[in-house]
There are 2 protein chains.
Amino acid sequence: MKRKLSLDDIAKHFKVSKSTVSKALNDSHEISRRTKEKIVAYAKEHKYRPNLNAINLRKEPSLSVGVIIPNILNYFFAQVISGVEKILNDNGYNMIACISNESYKKEVAITQMLRKGAISGLLVSLAEETGRLDKIEHFEPFFNIGIPVVMFDRVSTKLQCDKVTIDDTKTAYNATEHLIKSGCKRIAVVSLLGDLEISRLRINGYSQCLKNHGIDLEQSLIFEKLEKSLMEVEIKKLLSSGKVDAILGLEEEAGVTSLLTANSLGIKIPEELSIICFTNGILPKYVRPSLTSISQHGYYMGERAAKQLVERIEQNGSEKTFKTEVIKTTMIERESTKLLST
Amino acid sequence: MKRKLSLDDIAKHFKVSKSTVSKALNDSHEISRRTKEKIVAYAKEHKYRPNLNAINLRKEPSLSVGVIIPNILNYFFAQVISGVEKILNDNGYNMIACISNESYKKEVAITQMLRKGAISGLLVSLAEETGRLDKIEHFEPFFNIGIPVVMFDRVSTKLQCDKVTIDDTKTAYNATEHLIKSGCKRIAVVSLLGDLEISRLRINGYSQCLKNHGIDLEQSLIFEKLEKSLMEVEIKKLLSSGKVDAILGLEEEAGVTSLLTANSLGIKIPEELSIICFTNGILPKYVRPSLTSISQHGYYMGERAAKQLVERIEQNGSEKTFKTEVIKTTMIERESTKLLST
DNA sequence: GCTTTTTACGAAACCCATTTCGAAAAACAC
DNA sequence: GTGTTTTTCGAAATGGGTTTCGTAAAAAGC
C-alpha cells in the first residue's frame with residue numbers, strides 16, 4: 001500500500017543522496033539554502049516522519065515495560081502504578097501504561113499494540129470483562145516470543161506466569177470473623193465486581209467463615225454484581241428490612257455507599273450496623289464515621305510485581321518455575337466496627 | 001566500557017556467523033541441537049538482550065508519547081491521564097507515563113530518559129518543585145530536536161509551546177464572589193500547594209474579587225504552602241478564632257480537611273461556615289455535608305492536551321504559532337455553601 | 001591566472017537483529 | 001558407489017536513519 005515515506009524516497013525524488021536529505025532536514029550547514037528549502041518543503045508537504053526506531057538504533061537502547069490496568073481512577077490501581085513506576089524507573093525502564101477500562105476488547109487491542117512495540121516485559125491486571133469471559137489467549141504471543149509476563153491482583157489461574165496477589169479467601173475470612181467476634185450474626189456481602197476470580201474467592205472466604213462458626217449461609221444476603229446505579233437502592237432495601245447487623249463490602253465503593261445509606265436512614269454505626277470493606281483508598285478515612293477497611297498495600301504490590309518482572313527480564317528465562325507472591329493484607333480498624341474485647 | 005552484548009559478539013566468540021546465532025536463539029530447526037545449546041547457554045550466562053530497536057526497525061513503527069505528571073494518586077491527574085490515554089490510543093500512540101512525584105530532580109531524570117527514548121511528543125504538567133525553582137531548561141532539548149511539547153494545568157510562561165489550562169484567576173474570582181454573594185465577609189484561603197504559578201493566579205483572583213467588593217485583604221487569612229502534617233492544626237486554630245465565615249480551598253484536600261475540622265468543632269456548615277474548594281475529585285461528593293467544589297474537567301483537559309499534541313505531531317511543525325486553550329471550569333454546588341437567592 | 005579555501009554534496013560505514021537464499025556436508029536410498 | 005535428500009550453516013540483503021570522510025566544484029586570496 002502506501003508505505004511510509006523514507007529518506008531514500010525523498011532522495012530519489014530529488015536525485016540526491018539520502019545523506020543530503022538527512023542533513024537538509026536536520027538543518028546542517030553543509031547543505032545549501034536552496035537545496036534545504038526544497039527538501040524541507042517536500043518533506044513537510046508529504047508529511048515525512050522519521051522512523052524513530054532507526055534513530056534510536058544508534059543510541060543507547062531504551063528498555064520499556066508495558067503495564068495494563070483496568071482503571072486508573074481506582075485509587076488502588078493508582079497506588080499500584082506508583083509502586084510499579086518507582087521500581088521500573090530505578091532500574092532504568094520506561095513504563096508504558098495502558099488502561100483497559102475493564103473492557104476485554106480494549107485489552108486485546110492493547111496487547112496487539114504492545115506486541116509490535118518495543119517492550120521487554122508486561123505487567124497485567126485483568127479487566128472485569130476478561131475475567132467474566134475467561135479468555136486469555138491474547139497473552140499467549142508474549143509467552144511465545146519469550147517476553148516475561150507478571151500478573152497482579154486480578155490474576156488468572158489459566159496463565160502460567162509469575163503472579164502477585166493477596167490471599168482473597170483468607171482476607172475475607174478474617175474480616176468476616178472479626179465481624180462475628182464483635183457480635184454480628186447476620187452479615188451481608190455487597191459488591192459491584194462481576195465474575196472475577198477475586199470475587200469468588202472473597203465470597204468463598206466469607207462462606208467458609210460462616211460455616212466454621214455455625215452460621216447458616218443465606219444467599220439472600222449476598223449482593224454480587226450490583227449495577228452501580230442500583231446499588232444505593234438495593235442497599236436501602238436491605239438496611240430497611242432490618243435483617244442485617246453487618247456488611248462486608250468487597251470493594252471500597254460498596255462499603256462507603258452502605259455507610260452513607262445507613263447514615264441517611266439513621267442507623268447507628270457501629271452499634272446497629274458494622275461495616276468492613278476491601279481496599280483502603282482515600283474515602284474510608286474521610287467519611288464519618290470512618291470506615292474500617294482492608295489495606296491491600298497497592299504501592300507495595302506494584303513494587304513487588306515490577307521487581308519480579310525486572311528479575312525475569314534480566315535473567316532472561318533461565319529460571320523456569322513461576323512463583324506466586326502473596327502479599328499480606330492489613331485490616332485498618334476505624335469507627336465502623338466495634339472493638340473486640342480481647 | 002562494557003558495551004551491550006550483540007549477536008556479532010556471540011558469533012565471534014564461537015566463530016560462527018551471526019545468522020547462526022540469531023537462529024539458535026530463536027530456536028530455529030535449521031540449527032543443530034548441540035550448536036543451539038551452547039549458544040543459548042552462553043547467551044543466558046552473559047545476559048544477552050536483543051536490541052529492541054533493531055527488531056522493531058523491521059516492523060511497523062510504533063509511535064509513543066511521553067506524559068509527565070506530578071502525582072498519579074491525585075484524582076485530578078488520574079482523570080487527565082484517562083483522557084490522554086483515550087485520545088492517544090484512538091490515534092495509535094502508546095503512552096509512556098512518568099511520575100515526577102513533585103520532584104525537580106526526578107523530572108529532569110525523566111526528561112533525560114525520554115530524550116533518548118523513542119517518543120514523538122511530550123505532555124507535561126510541572127512538578128511543584130520545578131515551579132518553585134522555576135527551572136525549565138531540561139525541556140529545551142525537545143524543542144531543539146523538534147519534538148512537540150504540550151503543557152497542561154501546571155504550565156510555565158517561560159516555555160513557548162502549546163498549553164491547556166483553566167483560567168485560575170477567573171475561577172478563584174468567581175468562587176470568591178459566590179461566597180461574598182451568599183453573605184460571607186471574612187474569607188480565608190487554605191492551600192497545600194507551594195510556589196506554583198497556579199497558586200499565585202488563584203490567590204490573585206481571590207484578592208481582586210475582594211478588592212472589587214470593597215473588602216480589605218488580610219494576609220493573616222491566607223494560608224499558603226501549609227505542611228500536610230500541620231494543616232489540620234492550623235485550620236483548627238483558624239476556625240477556633242471565630243474570625244472567618246468562609247474558606248476557599250485551593251485544592252481538594254484543603255477543603256475536605258477544613259470541613260472535617262469544622263465538623264469536629266461543632267461549627268455548622270454552611271450556616272456558620274461556607275466552604276468551596278478547587279478540584280472536584282471523589283471526596284467532595286462523599287463527605288458530609290457534601291462539599292461545593294470546582295470541577296476542572298480533568299478528563300476533558302487530558303483529551304484536549306493529547307489532541308493538540310497529536311495534531312502537532314502529524315503536521316510536523318509547519319504551524320509555528322502556539323496556542324493556549326483555556327478550559328471552562330464548573331462550580332458544583334453542594335451542601336457546604338448557601339444557596340444564592342437570585 | 002594559479003593556489004588556497006570554502007561550499008555542497010555523495011559513498012559508504014554504522015547501529016543490530018531478521019530472513020532469504022545458496023551451498024557445503026552429512027545422511028540416506030538404491 | 002552414485003544419486004538424492006536432509007541437515008546445518010554462512011553471506012548478504014533488509015529496515016531507515018546518522019555520521020564520517022572524501023571529493024568535485026565554486027569562491028576567495030594574492
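In what follows, every chain begins at residue 1, and chains take the letters A, B, ... in the order their sequences are listed.
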Return whichever of B:Ser19 or B:Ala54 has its heavy-atom-nearest nucleotide of DNA chain C closer to the 5' end.
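Checking each residue's closest nucleotide, the 5'-ward one belongs to B:Ala54.
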Please determine if a side-chain N or O atom of [X] lies less than 4.0 Å away from the OP1 or OP2 oxygen of [N].
X: A:Asn53; N: D:dG17; value: no
X: A:Tyr48; N: D:dG17; value: yes
X: B:Thr35; N: D:dC9; value: yes
X: A:Asn56; N: C:dC15; value: no

Give the ring-plane orientation class for B:His13 versus B:Tyr42, where under 30° counts as parallel, over 60° as perpendicular and anything between as tilted.
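Parallel, since the angle between the ring planes stays under 30°.
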Would you check if there is a donor-acceptor pair between the side chains of A:Ser19 and A:Ser22 at a distance under 3.5 Å?
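Side chains of A:Ser22 and A:Ser19: no pair found under 3.5 Å.
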Between [options], spot the one nearest the side chain of [X], thanks.
X: B:Leu7; options: D:dT8, C:dT18, C:dC9; value: C:dT18
X: B:Ser6; options: C:dC21, C:dC16, D:dA11; value: C:dC16
X: A:Glu30; options: D:dG17, C:dC9, C:dA12; value: C:dC9
X: A:Arg58; options: C:dA17, D:dA11, D:dT19; value: D:dT19
X: A:Ser32; options: C:dC16, C:dC9, D:dT8; value: C:dC9
X: B:Ser22; options: C:dT18, C:dA12, C:dC9; value: C:dT18
X: A:Thr20; options: C:dG10, D:dG17, C:dA17; value: C:dG10

How long is the line joining [atom1] of [X] and [atom2] of [N], in whole Å?
X: B:Leu5; N: C:dA17; atom1: CG; atom2: P; result: 8 Å
X: A:Leu25; N: C:dA8; atom1: CG; atom2: P; result: 17 Å
X: A:Leu57; N: C:dT18; atom1: CG; atom2: P; result: 12 Å
X: B:Arg33; N: D:dT6; atom1: CZ; atom2: P; result: 21 Å
X: B:Lys12; N: C:dA17; atom1: NZ; atom2: P; result: 12 Å
X: B:Lys18; N: D:dT8; atom1: NZ; atom2: C1'; result: 19 Å
X: A:Asn51; N: C:dC15; atom1: CG; atom2: P; result: 18 Å

Would a 4.5 Å heavy-atom cut-off, applied to side chains only, mark B:Leu309 and B:Asp162 as touching?
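No - every pair of side-chain heavy atoms lies 4.5 Å or more apart.
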How about B:Val80 and B:Asp153: do any of their side-chain heavy atoms sit closer than 4.5 Å?
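B:Val80 vs B:Asp153: side chains apart.
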Give a yes or no on whether a donor-acceptor pair under 3.5 Å exists between the nucleobase atoms of C:dT7, that is its base, and the side chain of A:Lys36.
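Absent.
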A:Lys23 (side chain) and D:dG17 (base): donor-acceptor pair under 3.5 Å
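Answer no: no donor N or O sits under 3.5 Å from an acceptor.
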